[in-house]
There are 2 protein chains.
Amino acid sequence: MTITNTETAATPVSKVPRLPEELVNSTAFLLKRLGFVSKDRSISAYDAMGLHPYHHAVLAVLEAGPPETQASIADTLGYDRGQLVGLLDELEEKGLLERRRDPDDRRRHIVSLTPAGKKTLAKLRATADRLEEELLAPLTSAERAELHGLLRKLAEQHLPQCSTLPRP
Amino acid sequence: MTITNTETAATPVSKVPRLPEELVNSTAFLLKRLGFVSKDRSISAYDAMGLHPYHHAVLAVLEAGPPETQASIADTLGYDRGQLVGLLDELEEKGLLERRRDPDDRRRHIVSLTPAGKKTLAKLRATADRLEEELLAPLTSAERAELHGLLRKLAEQHLPQCSTLPRP
DNA sequence: TATTGTTATACTCTATAACTATA
DNA sequence: TATAGTTATAGAGTATAACAATA
């Protein structure tokens with residue numbers, strides 16, 4: 001195990017060997033790793049409530065927007081439509097939303113939040129806030145705003161669904 | 001399909017429905033999504049060379065540090081040791097590194113770069129640089145430095161392997 | 001008995017594409 | 001014929017644990 005120690009004999013031994021500068025100096029690398037741990041932690045946290053971040057996203061779409069069909073939900077979140085079916089099944093079984101046929105087009109389902117769904121969404125929000133606080137703990141308030149602004153700029157370019165269109 | 005349009009009739013129709021503010025306002029959410037697209041694109045780019053970002057990381061560790069065993073490489077990168085075996089098999093088969101038994105402990109393999117491995121690493125670096133440039137295109141040079149510094153602070157806290165220990 | 005590297009197994013995700021019912 | 005939702009299947013990726021050689 002001593003072979004993994006990259007410190008000199010005089011310096012305190014770190015149990016965890018350091019990543020090469022080449023990787024740590026890459027913003028993309030840090031983004032990938034931090035995104036991974038963030039995802040990992042949120043999955044664990046939501047799992048304790050029997051849900052997944054995907055479920056939160058679906059509920060958030062339902063509360064934010066006009067009545068949605070399954071196709072519009074999937075498109076908004078960038079999810080596969082087949083994948084969404086299972087998510088909706090789980091949320092419906094828990095009584096957090098309901099599907100009803102669109103009378104104007106009986107192929108479609110109009111999906112809407114139930115009161116229980118809104119309550120659960122509030123809880124998920126609290127969990128998300130806690131996770132966000134943990135993630136950003138090392139940063140000052142100004143730094144957090146700065147980081148968010150920079151990520152927004154990247155999202156504008158790379159995540160079309162995040163683009164802030166000029167509103168009327 | 002018109003039901004997915006969240007714009008009013010007077011505004012130009014965006015093909016991609018917008019994500020709810022609740023999600024876009026979350027730094028963790030942006031981090032996860034941007035990390036995902038970044039990972040996705042790098043996998044595609046490396047795939048064109050018959051390699052994977054994992055391979056780049058392994059080669060970078062070998063060039064940066066002292067002679068490594070398989071266990072030390074895995075620990076440095078946070079990879080599973082079983083997973084690493086396959087990666088090393090592929091790299092060895094391409095002649096980019098070699099394994100030889102450690103005479104002091106015949107259970108161990110000392111892994112080292114070949115000249116071909118160094119050449120390939122240079123190519124992978126060029127690819128990584130190009131991907132980084134694409135990712136950060138929307139930012140000025142100052143903003144890039146700012147973003148990297150902020151992510152470093154987060155990494156310090158959340159990615160122990162990235163922590164910058166005081167050097168002698 | 002513990003550790004290094006290896007292999008095998010199983011499980012989760014995801015992507016694809018059939019299938020139905022409606023249009 | 002095309003679309004909305006559903007279901008089934010296969011593939012990649014990952015995690016777990018059994019295994020042989022050596023300490």
Side-chain angles (χ1 to χ4, degrees), chain A residues 1-4 15 17 32-33 35-37 39-40 42-44 46-47 50-55 57-58 62 67-93 97-112, chain B residues 1-4 17 32-33 35-37 39-40 42-44 46-47 50-55 57-58 61-62 67-93 97-112:
Chain A
M1 187 81 42
T2 58
I3 200 171
T4 67
K15 300 294 285 206
K32 284 187 277 186
R33 286 263 171 156
F36 181 81
V37 307
K39 176 183 146 196
D40 215 43
S42 59
I43 289 176
S44 297
Y46 283 79
D47 191 51
L51 292 171
H52 188 282
Y54 288 150
H55 295 120
V58 171
L62 292 176
E68 304 269 359
T69 65
Q70 298 189 193
S72 70
I73 297 170
D75 290 348
T76 299
L77 294 172
Y79 295 170
D80 179 85
R81 295 183 188 189
Q83 182 193 7
L84 185 65
V85 173
L87 293 173
L88 293 181
D89 287 347
E90 290 152 2
L91 290 167
E92 192 173 31
E93 193 182 358
L97 56 77
E98 50 185 24
R99 289 187 261 211
R100 63 175 205 280
R101 289 227 167 268
D102 181 349
D104 295 342
D105 183 341
R106 289 187 45 73
R107 291 172 304 182
R108 293 179 168 169
H109 284 159
I110 306 285
V111 185
S112 54
Chain B
M1 188 76 45
T2 58
I3 199 172
T4 67
K32 285 187 277 187
R33 288 261 172 159
F36 182 80
V37 306
K39 176 183 146 198
D40 216 44
S42 57
I43 288 176
S44 297
Y46 283 79
D47 192 50
L51 292 170
H52 189 281
Y54 288 150
H55 295 121
V58 171
V61 168
L62 292 178
E68 306 269 358
T69 66
Q70 296 189 195
S72 69
I73 296 170
D75 291 349
T76 298
L77 294 173
Y79 296 169
D80 178 85
R81 296 183 189 188
Q83 183 193 5
L84 184 66
V85 173
L87 294 173
L88 293 182
D89 287 348
E90 290 152 2
L91 290 168
E92 193 173 29
E93 195 181 356
L97 55 78
E98 50 185 22
R99 288 186 264 211
R100 65 176 203 280
R101 288 230 168 265
D102 182 349
D104 296 342
D105 183 343
R106 290 188 44 75
R107 291 173 304 182
R108 293 178 169 171
H109 284 159
I110 306 285
V111 185
S112 55

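Proteins get letters first, then strands, A, B, ... in listed order; numbering begins at 1 in each. What you see is a predicted model; the values in this text were computed from it and never measured.
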- Atom pair distance, as rounded to whole Å: CZ in R81(B) and P in dT16(D): 14 Å
Is there any protein nitrogen or oxygen under 3.5 Å from a nitrogen or oxygen in nucleotides 17-23 of chain D, and what are the pairs?
residue	atom	partner	partner atom	Å
dA23(D)	OP1	R106(B)	N	3.0

- Note on the structure: To the nearest angstrom, the NZ-C1' distance between K32(A) and dG13(D) comes to 16 Å
- Task: Give the rounded distance in Å between these two atoms: CD of E90(B) and P of dG13(D).
- Result: 10 Å
- Message: So, using side chain to side chain donor-acceptor pair (under 3.5 Å) as the criterion, who are the partners of D40(B) when residues are at least two apart?
- Response: none
- Message: From CG of L84(B) over to P of dT3(C), roughly how many Å is that when rounded to an integer?
- Response: 19 Å
- Query: Partners of E90(B) by side-chain contact (heavy atoms from CB on, under 4.5 Å), sequence neighbours excluded?
  - Reply: H55(B), L87(B)
- When you measure from the side chain of Q70(A), which nucleotide among dG5(C), dG5(D), dT6(C) comes out closest? dG5(D)
- Sequence-distant partners of D89(A), salt bridge (Lys or Arg N to Asp or Glu O under 4.0 Å), two or more places apart: R99(A)
- Message: Distance check needed: dT3(D) P versus D75(A) CG, whole Å only.
- Response: 13 Å
- Note on the structure: Sorted by position of nearest nucleotide on DNA chain C, 5' first, the leading residue of G86(B) and I43(A) is G86(B)
- Winner on side-chain proximity to H109(A), out of dT14(C), dG5(D), dT6(C), is dG5(D)
- Message: Tell me every residue that passes salt bridge (Lys or Arg N to Asp or Glu O under 4.0 Å) with E98(A), counting only those two or more places apart in sequence or in another chain.
- Response: none
- Task: Measure from the side-chain N and O atoms of H109(A) to the backbone N and O of V111(A), and report whether any donor-acceptor pair falls under 3.5 Å.
- Result: no
- d(CG, D47(A); P, dC11(C)) in whole Å: 17 Å
- Note on the structure: R106(A) meets the side-chain contact (heavy atoms from CB on, under 4.5 Å) criterion, sequence neighbours left out, with R101(A)
- Between R107(B) and D102(B), does at least one N-O distance fall below 4.0 Å, as a salt bridge requires? no
- Atom CD of E92(B) and atom P of dG5(C): how far apart are they, to the nearest Å? 13 Å
- Message: Applying a 4.0 Å non-hydrogen cut-off, can you work out what Y54(A) is touching in the nucleic acid: base, sugar-phosphate, or nothing?
- Response: sugar-phosphate
- How long is the line joining CG of L88(B) and P of dG5(C), in whole Å? 9 Å
- Look at R108(A) and dG5(D) and indicate whether a side-chain polar atom (N or O) is within less than 4.0 Å of OP1 or OP2. no
